[in-house]
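Written below as structure tokens is the structure these notes are about.
The analysis underlying the following values was restricted to heavy atoms, covering all of them including side chains, and did not include hydrogens, waters or symmetry mates. These numbers come from a predicted model, not from an experiment.
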Number of protein chains: 2
Amino acid sequence: MTEPQTPDTAQPAGSVKKHGRDGKSNATIYDIAKMAGVNASTVSRALSKPGRVSSKTQKLIEDAAAQLNYQVNPFARALPTGKTNTFGLIVADITNPTFFDIIRGAETTATSRDYTLVLAESAESPATELTAARRLMATVDGLILASPRMDDDNIRALAQDKPVVVINREVDGVPCVVPDVNKGISEAVRSMAANGHQRIAYVAGPPQSWMSERRWEGVQAACDWSRLEAVRLESSKPTVDGGRKTARDVRASGATAVMTYNDLLAIGLMQELQAAGIVVPDHISIIGFDDIFGADFTTPPLTTVRSPLGECGEAAATRLLDLLHGSGEQAGTLSVETELVLRGSSGRILPAK
Amino acid sequence: MTEPQTPDTAQPAGSVKKHGRDGKSNATIYDIAKMAGVNASTVSRALSKPGRVSSKTQKLIEDAAAQLNYQVNPFARALPTGKTNTFGLIVADITNPTFFDIIRGAETTATSRDYTLVLAESAESPATELTAARRLMATVDGLILASPRMDDDNIRALAQDKPVVVINREVDGVPCVVPDVNKGISEAVRSMAANGHQRIAYVAGPPQSWMSERRWEGVQAACDWSRLEAVRLESSKPTVDGGRKTARDVRASGATAVMTYNDLLAIGLMQELQAAGIVVPDHISIIGFDDIFGADFTTPPLTTVRSPLGECGEAAATRLLDLLHGSGEQAGTLSVETELVLRGSSGRILPAK
DNA sequence: TTGTACGCGTTATCAA
DNA sequence: TTGATAACGCGTACAA
């Protein structure tokens, strides 16, 4: 009696699905209600907040749901509640490996907490970024901005609408997850000082990059402390190719050690220098930032200041989810540690130039 | 008159948002209707299918919408239509750079056609993959499966529900986008034959990998044609680390040239061999597959058979979107070309071992 | 061309 | 504990 007619053979012409969505319209709570002999609202209760229904009917309903292979329609649910169980992640450049781990971290925690991750890219453009953010805002419960390029004000405006967490940048009044550069940088600079370097160049990243400035400040501070000289150079783009193009300036700077805004720049720089016959690290030491995928593919493998990007992604997602569930209302910055990863591209300079 | 009272100062207690969503409930078509002095359905028409409304009221409505900063509620729209303007992409491993370009390609075409991309990962597990796919199915209009690990039957089952496009694998009855290995492989093998190699090893990928088998078949065929000997070796995991572990087998195989299932294996293998004092390519040639990000970071840079992954992502997304818009109903396989990228890790073997 | 009325699948309110 | 019923915001026959 609990079982309806199995619709495998002759099916009366009248029982054809009314609206016939795209073929097999899925079962709704009404179907379950009918089968279980209860009201649809009871089904809703049983399925969404267990405990508010007698254990007898609860089981009845669950069985029916299982038999009908029922699954909620997220859109129908989102309409009255406004909750979508989805959050967005916007990165500056999908092909930049810096973001790979961030994406993975976010995706992992998302699915582990039964959320869906939607991804968008800003192509390093503040305008595109803002557009993407606005678009996503309509679909998600919250947003993670990784290395955002847009204004603080725009970010705050978004954050006023729905929970927003920022990675790799500090924005007043918005929860952030930021690697603290100091530990890693001071380790790096001390290592260079110990190896006899006197003059260190920093190759900066994009002008809009908040993090690039923090790193430059860190390098300056650490050099001051170790009584080394720090000089700043600019780059065109924070890519391998951009790194190659800085080689000339680097050589002209007279520095014997170089720290670059990111690993990509370091790799490009190293390739270009080596192509010119310069030996790394005998003639010049190179240190990158981030420890991205592939940083150890080079010869010599790249010394770098590692940022725990995966952790950042996880932490940001966790914070966002907590915010969504009303746990933590704080808007402060969460710092994660950086550390020097000593590999072959840095070391003592050889007397013979 | 067209403007409503600006609600900045005294707001009557009665006008508080009834349901009080999460603070600022957004404007609806009803608000626009009121402001424009028309019916809500007219607004709906004006906004969704322009042309079916007089140009006068059209403008009226558009102005009101702009003033109210209106944006559609995707969920409310999805309910009656069943369309979400969203599609899913499932990849085997987010941190595997093979998928980076695929992701980017898909994301780019998605946003360019005003779709939203949701991303999920299967962690190389068929079960996880199926779960993720089912989850996503509820939320999206279609699905792209990149290098899926699940059964053909499961894929077909999904495809029966909503449009599905597969990348890097051929599944009967499902539209696929697959790099054609032959051109690239035959170029590679001919190059090795020309360089005097006689015995070529192929390091295979995961057993579930459809593509790994295709590549092995391609290598065999090309070797036959060039009268070279082909031997097959297995790997534990298709990663850099997995590549390192194959070094012993590779040396034992007596092959003077190695092709690996992917670039990651090739890089790991090269590292391990070099660490043992073997010179690449003087003692042994190494050729990878895919030309992933970082393949040219190594010394020597990796020779590899390039698959246009970005194109695959774009093509898959385009096909999916076409399917959704009723353009193409074909379920065939779209082949994209592969080509040999000759770099430093392959070449003539030196007489002196 | 525009308005009326209803349905989409769920949650939420209020009685029973 | 349960059942009716009204939203939620939008699309769409159907009628005007």
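In this model, the phosphate group of C:dG9 is not approached by any side-chain N or O of A:R77 to a distance below 4.0 Å at OP1 or OP2. Note on B:K49: a side-chain N or O is less than 4.0 Å away from OP1 or OP2 of D:dT12. Between D:dC10 and B:S44, no contact under 4.0 Å exists linking OP1 or OP2 to a side-chain N or O.
In this structure, the CD atom of A:Q71 is 14 Å from the C1' atom of C:dG9, given to the nearest Å. One interatomic measurement links the two molecules: CG of B:L47 to P of D:dT12, which rounds to 13 Å at whole-angstrom precision. Atoms CZ (B:F75) and C1' (C:dT10) sit 14 Å apart, rounded to a whole Å. Between the P atom of C:dG3 and the CG atom of B:L60 lies a distance of 11 Å, rounded to the nearest Å.
In this structure B:E62 satisfies the salt bridge (Lys or Arg N to Asp or Glu O under 4.0 Å) test with no other residue, sequence neighbours excluded. Taking B:R135 as the reference, A:D114, A:T116 meet the side-chain contact (heavy atoms from CB on, under 4.5 Å) condition, with sequence neighbours excluded. For B:F99, there are no ring pair (Phe, Tyr, Trp, His ring centres under 6.0 Å) partners at least two apart in sequence or on another chain. Applying the side-chain contact (heavy atoms from CB on, under 4.5 Å) test to B:K83 and every residue at least two apart in sequence or in another chain returns B:T81, B:Y115, B:D141.
With hydrogens and angles left out, the side-chain atoms of B:T131 and B:T128 include no donor and acceptor closer than 3.5 Å.
Here A:V72 lies in heavy-atom contact (under 4.0 Å) with sugar-phosphate atoms only.
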Under 3.5 Å, side-chain donor or acceptor atoms of residues 41-50 of chain A against the rest of the protein: list the pairs with distances, not counting sequence neighbours.
from  : atom 1 : to    : atom 2 : distance (Å)
A:S41 : OG     : A:N39 : OD1    : 2.9
A:S48 : OG     : A:S44 : O      : 2.6

Output one line per pair: protein atom, nucleotide atom from nucleotides 2-6 of chain D, and distance, for all N/O pairs under 3.5 Å.
from  : atom 1 : to    : atom 2 : distance (Å)
D:dT2 : OP1    : A:S54 : OG     : 3.1
D:dT2 : OP1    : A:T57 : OG1    : 3.3
D:dT2 : OP2    : A:S54 : N      : 3.1
D:dT2 : OP2    : A:T57 : OG1    : 3.2
D:dG3 : OP2    : A:N39 : N      : 2.9
D:dG3 : OP2    : A:T42 : OG1    : 2.5
D:dG3 : N7     : A:S41 : OG     : 3.4
D:dG3 : N7     : A:R45 : NH2    : 2.8
D:dG3 : O6     : A:R45 : NH1    : 3.2
D:dA4 : OP2    : A:N39 : ND2    : 2.9
D:dA4 : N6     : A:S41 : OG     : 3.3

